Amino acid sequence: MTKLSRTFATRTSAAALALGLLAVSTAEAASWKFALEEAIDEVQGVYATQFKEYIEANSDNSVAIFPFGTLGESADVTELVQFGAIEFANASPGFMGSLIPELQVFLLPYVLPEEPDVLADFFATSPTINETLAAMYEDQMLTLIDMYPEGEVVMTTKEPIKSPDDLSGVNFRVMTTPLLVETYNAFGATPTPLPWGEVYGALQLNMIQGQENPMFFVESTKMYEVTDHITYTGHNNFTTAVIANGNFFNGLSEEDQELVRSAADAAFEHIIEYQQGLTEESEAKILESRPDMGITVLSDEEREPFRQAAERVRQSFIEMVGPSGAEVLEGFEADIEASRERVGS
Ligand code: 6CS
């Protein structure tokens, strides 16, 4: 609905009120709740703001955004969507492996493409994501609305990391998905799954000595105050998903389903563009606040032992998830290849 027709709708509501028909009219305008795993000025907040603006500019519906913490941690907001207490949430695969084991494919090291344009094309077009995995969400009474990357993951630690040996004895925080425990075991660390809200304090108290996240998040959550070294290993890009309650979404009119899909498309385009240069800007801000922060980009040679460890993680994924995992991984890699050819990289 355009802005003009919204004005018209308001006038129609006034007329409906006069005729005693307001209940019918207001039932058409819905108010939806969207919970995030991040703050409003972080990547998920920027996406959700664009999504909200699109919905509100094109319909009578409205979206209320609940940033990280206001309704709980990642696990809490996923449950709220499952119960239908809220309509939308970010639910990153890093927290979803127990519910949908196949989603752990996103956590496999050195599988997602590093080139941003290939990555964006892959998320937008992959049948493995948008059909195979989407059907697995539906089995859990969830509708997959969108998936997008949030940036290259870096390790932040108290001591410099050049090789898996340097991770020996390091309690390394990971998100709660089981495959991340396999990954950091293979990388030589002692993996410690924790919800996000406990990470800063655990680093401060030296209960853990490392964690991984995209650079924008390292900057915005001030990880540079409680860790001293950043290492670019090139092993992954952070993926998030936007989910909706399945009954809610499937019960929407075709028009509203289309509205949500279009809002997600607009927000996807915006968030991909928004992230151009974000890692570099975030690194510069970190160095401004903490000029002595150690920053290391591992060379190809230095990445090699991590790549070899990744082979073992791949085997663990197939053993843990079974034939459906192997099928998803095969589809995933074929879709990445197709994106490479399409983008010409
Ligand atoms: O590491 C985490 O738990 C968090 N990282 C990001 C980039 N977003 C939300 C998530 O909770």
Side-chain angles (χ1 to χ4, degrees), residues 34-49 65-81 88-99 103-104 106-107 109 112 116 119 123 146-157 171-181 183-184 189 191-204 207-227 230-233 235-243 267 271-272 274-275 278-279 281-283 285-286:
F34 189 160
L36 314 180
E37 300 169 313
E38 294 174 10
I40 197 72
D41 55 356
E42 292 172 340
V43 169
Q44 292 180 9
V46 172
Y47 176 103
T49 302
I65 300 174
F66 294 84
F68 173 77
T70 52
L71 295 179
E73 290 271 2
S74 295
D76 304 313
V77 299
T78 300
E79 272 184 19
L80 289 174
V81 175
F88 300 99
N90 275 94
S92 299
F95 293 106
M96 293 283 284
S98 302
L99 192 65
L103 284 180
Q104 298 179 108
F106 289 98
L107 286 314
L112 283 175
L119 194 64
F123 276 94
D146 213 352
M147 265 197 165
Y148 57 89
E150 292 197 40
E152 176 180 347
V153 165
V154 295
M155 295 182 188
T156 77
T157 48
N171 291 336
F172 200 100
R173 180 269 175 172
V174 291
M175 292 178 281
T176 56
T177 236
L179 192 88
L180 285 170
V181 170
T183 303
Y184 274 88
T192 311
L194 282 178
W196 174 251
E198 293 176 28
V199 177
Y200 189 99
L203 282 165
Q204 207 171 24
M207 289 159 69
I208 56 172
Q209 296 84 34
Q211 65 89 37
E212 59 163 32
N213 255 308
M215 209 56 153
F216 84 85
F217 204 66
V218 173
E219 193 275 322
S220 61
T221 62
K222 298 188 167 27
M223 284 293 103
Y224 54 83
E225 291 179 349
V226 281
T227 49
I230 294 174
T231 310
Y232 287 89
T233 49
H235 72 279
N236 213 348
N237 200 294
F238 189 98
T239 297
T240 194
V242 176
I243 54 168
I271 208 61
I272 295 297
Y274 173 80
Q275 288 182 64
L278 188 59
T279 295
E281 279 166 36
S282 306
E283 184 182 308
K285 280 192 199 162
I286 290 171

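Residues take their numbers from the sequence shown, with the count starting at 1. As the structure lists them, so they are numbered: ligands from 1, and atoms in each ligand from 1. Source: prediction; values computed, not measured.
Every residue two or more places apart in sequence or in another chain that forms a side chain to side chain contact (heavy atoms under 4.5 Å, CB included) with I272 is listed here: A120, P149, F268. Judged as a side chain to side chain contact (heavy atoms under 4.5 Å, CB included), and not counting sequence neighbours, the contacts of N171 are T190, T192, I208, Q209. Residues passing the side chain to side chain donor-acceptor pair (under 3.5 Å) test with T156, sequence neighbours excluded: Q211, T227.
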Could you please spell out the steps behind the side-chain hydrogen bond (donor to acceptor under 3.5 Å, both in side chains) verdict for E212 and Y184?
CA-CA 10 Å; E212 59 163 32; Y184 274 88; 2.6 Å; yes

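Side chains of E152 and T279: a donor-acceptor N/O pair is absent below 3.5 angstrom, by distance only.
Of the possible donor and acceptor atoms, none in the side chain of N90 sits under 3.5 Å from a partner among the backbone N and O of G45.
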Please tabulate, one line per pair, the protein N or O atoms found under 3.5 Å from any N or O atom of ligand 1, giving the distance to one decimal.
{"unit_1": "ligand 1", "atom_1": "1 (O)", "unit_2": "R173", "atom_2": "NH1", "d": "2.7"}
{"unit_1": "ligand 1", "atom_1": "1 (O)", "unit_2": "N213", "atom_2": "OD1", "d": "3.3"}
{"unit_1": "ligand 1", "atom_1": "1 (O)", "unit_2": "N213", "atom_2": "ND2", "d": "2.9"}
{"unit_1": "ligand 1", "atom_1": "3 (O)", "unit_2": "R173", "atom_2": "NH1", "d": "3.4"}
{"unit_1": "ligand 1", "atom_1": "3 (O)", "unit_2": "R173", "atom_2": "NH2", "d": "2.9"}
{"unit_1": "ligand 1", "atom_1": "5 (N)", "unit_2": "N213", "atom_2": "OD1", "d": "2.8"}
{"unit_1": "ligand 1", "atom_1": "8 (N)", "unit_2": "E38", "atom_2": "OE2", "d": "2.7"}

